[in-house]
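Just follow the structure's listing: the first ligand is 1, and inside any ligand the first atom is 1. Below, all heavy atoms of this structure are taken into account, side chains as well, without hydrogens, waters or symmetry copies.
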Amino acid sequence: MSTSICPCGSGNLLAACCGHYHDGHPAPSAETLMRSRYSAYVLGLIEYLVATTLPVQQAGLDRQSIAAWSAQSTWLGLEVESSEVFGGQPEHAFVTFTARWHDANGEHSHRERSSFVQSAGRWYFIDPTVPLKVGRNDACPCSSGLKFKKCCAGFFGQ
Ligand SMILES: [Zn+2]
Ligand SMILES: [Zn+2]
């Protein structure tokens with residue numbers, strides 16, 4: 001078992017924190033998924049970043065640019081500000097956080113309110129940069145069985 005501290009800032013060992021989710025266990029909340037995605041950027045786990053994005057968006061992700069950003073950045077830390085869980089079926093959540101990193105252009109800080117949805121026992125990141133080709137009255141791409149407008153529409157592109 002690795003004795004390194006988890007990059008997400010929890011203070012816990014990686015294997016007992018985000019490493020557990022990187023190994024395939026479902027993250028129990030949107031916040032733990034978000035933290036494990038930050039750790040995946042730090043550790044260069046590109047496939048994990050792809051796998052935890054809403055499945056219908058995965059083909060639209062640019063793996064090469066994700067990998068380049070992950071590798072060319074020195075990650076300085078994550079602060080989770082709030083986690084808003086809405087309940088209902090499926091469950092949606094917003095997680096507001098600030099990530100800091102350093103690259104060839106200097107130090108950066110990015111604050112974001114990210115959207116997440118739970119589908120079949122797993123939380124997924126709804127990536128606002130990948131277009132969802134779906135009409136408001138179509139079946140929601142999260143597979144909830146609801147119409148898009150009654151499900152993830154309000155959580156897309158925040
Ligand atoms: Zn962690
Ligand atoms: Zn949905």
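Side-chain contact between Phe156 and Ile126 is present, with at least one heavy-atom pair separated by less than 4.5 Å. Here the side chains of Pro141 and Cys152 are not in contact, with every heavy-atom distance at 4.5 Å or above.
Note on the Zn ion (ligand 1): protein N, O or S atoms under 2.8 Å away count 4, no waters included.
Relative ring orientation between Tyr38 and Trp75 is described as perpendicular, the plane-to-plane angle rising above 60° on a 0-90° scale split at 30° and 60°.
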Using distance only, find each side-chain donor-acceptor pair of residues 16-29 under 3.5 Å and give its atom names and separation, not counting sequence neighbours.
{"unit_1": "His22", "atom_1": "NE2", "unit_2": "Ser36", "atom_2": "O", "d": "2.8"}
{"unit_1": "Ser29", "atom_1": "OG", "unit_2": "Thr32", "atom_2": "N", "d": "3.1"}
{"unit_1": "Ser29", "atom_1": "OG", "unit_2": "Thr32", "atom_2": "OG1", "d": "2.9"}

Side chains of residues 55-68: which donor-acceptor partners sit under 3.5 Å, not counting sequence neighbours?
{"unit_1": "Gln57", "atom_1": "OE1", "unit_2": "Asp127", "atom_2": "N", "d": "2.8"}
{"unit_1": "Gln57", "atom_1": "NE2", "unit_2": "Asp127", "atom_2": "O", "d": "2.8"}
{"unit_1": "Gln57", "atom_1": "NE2", "unit_2": "Val130", "atom_2": "O", "d": "2.9"}
{"unit_1": "Gln58", "atom_1": "NE2", "unit_2": "Val50", "atom_2": "O", "d": "3.2"}
{"unit_1": "Gln58", "atom_1": "NE2", "unit_2": "Ala51", "atom_2": "O", "d": "3.3"}
{"unit_1": "Gln58", "atom_1": "NE2", "unit_2": "Thr53", "atom_2": "O", "d": "2.9"}
{"unit_1": "Asp62", "atom_1": "OD1", "unit_2": "Gln64", "atom_2": "N", "d": "3.2"}
{"unit_1": "Asp62", "atom_1": "OD1", "unit_2": "Ser65", "atom_2": "N", "d": "3.2"}
{"unit_1": "Asp62", "atom_1": "OD2", "unit_2": "Ser65", "atom_2": "OG", "d": "3.3"}
{"unit_1": "Arg63", "atom_1": "NE", "unit_2": "Glu47", "atom_2": "OE2", "d": "3.1"}
{"unit_1": "Arg63", "atom_1": "NH2", "unit_2": "Glu47", "atom_2": "OE1", "d": "3.4"}
{"unit_1": "Ser65", "atom_1": "OG", "unit_2": "Asp62", "atom_2": "O", "d": "3.2"}

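Within the 3.5 Å criterion, the main-chain N or O of Glu81 finds no donor-acceptor partner in the side chain of Thr96. With Arg37 contributing its side chain and Leu49 its backbone, the two residues share a donor-acceptor pair below 3.5 Å.
Atom OG of Ser115 sits about 8.5 Å away from atom NE2 of His92, to the nearest 0.5 Å.
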Practice prompt. Starting from the C-alpha separation in whole Å, work towards a yes-or-no answer on side chain to side chain contact (heavy atoms under 4.5 Å, CB included) for Leu14 and Ile5.
Written response: CA-CA 5 Å; Leu14 174 59; Ile5 295 291; over 6 Å; no

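Protein atoms that are N, O or S and lie under 2.8 Å from the Zn ion (ligand 2) are these: Cys140 SG, Cys142 SG, Cys151 SG, Cys152 SG.
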